[in-house]
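Data block below; observations after.
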Amino acid sequence: MTAKTRMPTMTGRLGALSDEHRGTLMALAHEVSFPGQARIFEEHREADRFWILRSGGVALDLHVPGRRSAVVETLGEGALLGWSWMFPPRCWHMGAEAVGPVRAWEFDARAVRRLCAAEPQFGYTFTLACAEVIGHRLERARTRLLDLYGPYGSGVR
C-alpha cells in the first residue's frame, strides 16, 4: 500500500457490524464538539475514551525531544480518533489537536470494552476494525518521522 492510498473510514468499517451491534455501540455514544486548536488529548496521559469524527479535522502529533511535536497525520470525517484505550497501559500514544471546529461521537472506553467482553462476535469484529486503523496509523507515523528526521526520508511519495 502506498502513502497515498486512502483508507476506509471508521464509519465504513462499522458496516461490518450487524445492525443490532452497530445500534448497541451507537447507544453508548454522545455528541461532542471541540473548537479549533483545542487539545483533545496529550501523549502519555490516560486514554479513557475515543471518538468517531462527524466533521472537522484533528491533527495527530508525536513529541520529539529537542524539537517541535511532529504532526504525523490529520484525520477527517468518519475517522476513529483514539485507539490507545484498548490495551494496557491505556495511555495515549500520540497527542491530538482540533484543526478547526470538530463535531464527533464520543464513547466511554470502559463501556465499549465491557460490550466487547459481553458480545464476543461484536468484540471480534470491532477489534479487527480498530486493528486496521492501528496498523495504518503506525505506518503513517513511521513514514512521516522518516520524512522529517531520516537521513534520506522515507522514499515514499
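Note that the coordinates shown come from a computational prediction; the quantities given were computed from them, not determined experimentally.
- The CD atom of Glu106 sits 12.0 Å away from atom CG of Leu28, with the distance rounded to the nearest 0.5 Å.
- Interatomic distance, Leu80 CG to Leu75 CG, rounded to the nearest 0.5 Å: 8.5 Å.
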Candidate pair Asp61 and Arg39, rule salt bridge (charged side-chain N to carboxylate O under 4.0 Å, His left out), full reasoning: CA-CA 11 Å; Asp61 55 44; Arg39 285 301 285 178; 2.7 Å; yes

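- Separation of atoms CG (Leu138) and NE2 (His136) is listed at 10.5 Å; rounding is to 0.5 Å.
- One finds the CG atom of Leu62 at 14.5 Å from the CZ atom of Arg68 (value rounded to the nearest 0.5 Å).
- Here CD of Glu119 is found 8.5 Å from OG of Ser18. Values are rounded to the nearest 0.5 Å.
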Compile the donor-acceptor pairs under 3.5 Å between side chains in residues 82-96 and protein atoms, sequence neighbours left out, one pair per line.
unit_1, atom_1, unit_2, atom_2, d
Ser84, OG, Cys91, O, 3.4
Ser84, OG, His93, N, 3.2
Ser84, OG, His93, ND1, 2.7
Trp85, NE1, Gly82, O, 3.2
Arg90, NH1, Trp85, O, 3.1
Arg90, NH1, Met86, O, 2.9
Trp92, NE1, Glu46, O, 3.1

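- Smallest separation of non-hydrogen atoms from Arg110 and Asp108: N-OD2, 3.1 Å.
- Looking at residues two or more places apart in sequence or on another chain, you find a side chain to side chain contact (heavy atoms under 4.5 Å, CB included) between Val99 and Ala59, Thr74.
- Taking all atoms of both residues into account, the shortest heavy-atom contact from Ala118 to Pro120 is O-CD, 3.4 Å.
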Thr24 vs Glu20, test: side chain to side chain donor-acceptor pair (under 3.5 Å). Steps then yes/no. CA-CA 6 Å; Thr24 302; Glu20 178 185 352; 5.2 Å; no

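- Using a 4.5 Å heavy-atom cutoff, the side chains of Phe50 and Leu81 are not in contact.
- Looking at heavy atoms from C-beta onward, Ile52 lies in side-chain contact with Phe107 at the 4.5 angstrom threshold.
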Is there a side chain to side chain donor-acceptor pair (under 3.5 Å) between Glu42 and His63 once you walk through the steps? CA-CA 10 Å; Glu42 295 289 344; His63 174 73; over 6 Å; no

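- Using a 4.5 Å heavy-atom threshold, the side chains of Val71 and Leu60 count as separate.
- For the pair Arg54 and Trp105, the minimum side-chain heavy-atom distance is below 4.5 Å.
- Phe122 has its side chain out of reach of Arg22: every pair of non-hydrogen atoms, C-beta onward, lies at least 4.5 Å apart.
- By the rule that hydrophobic residues join a cluster once side-chain heavy atoms approach within less than 4.5 Å of another member, Phe126 and Ile134 end up as members of one cluster.
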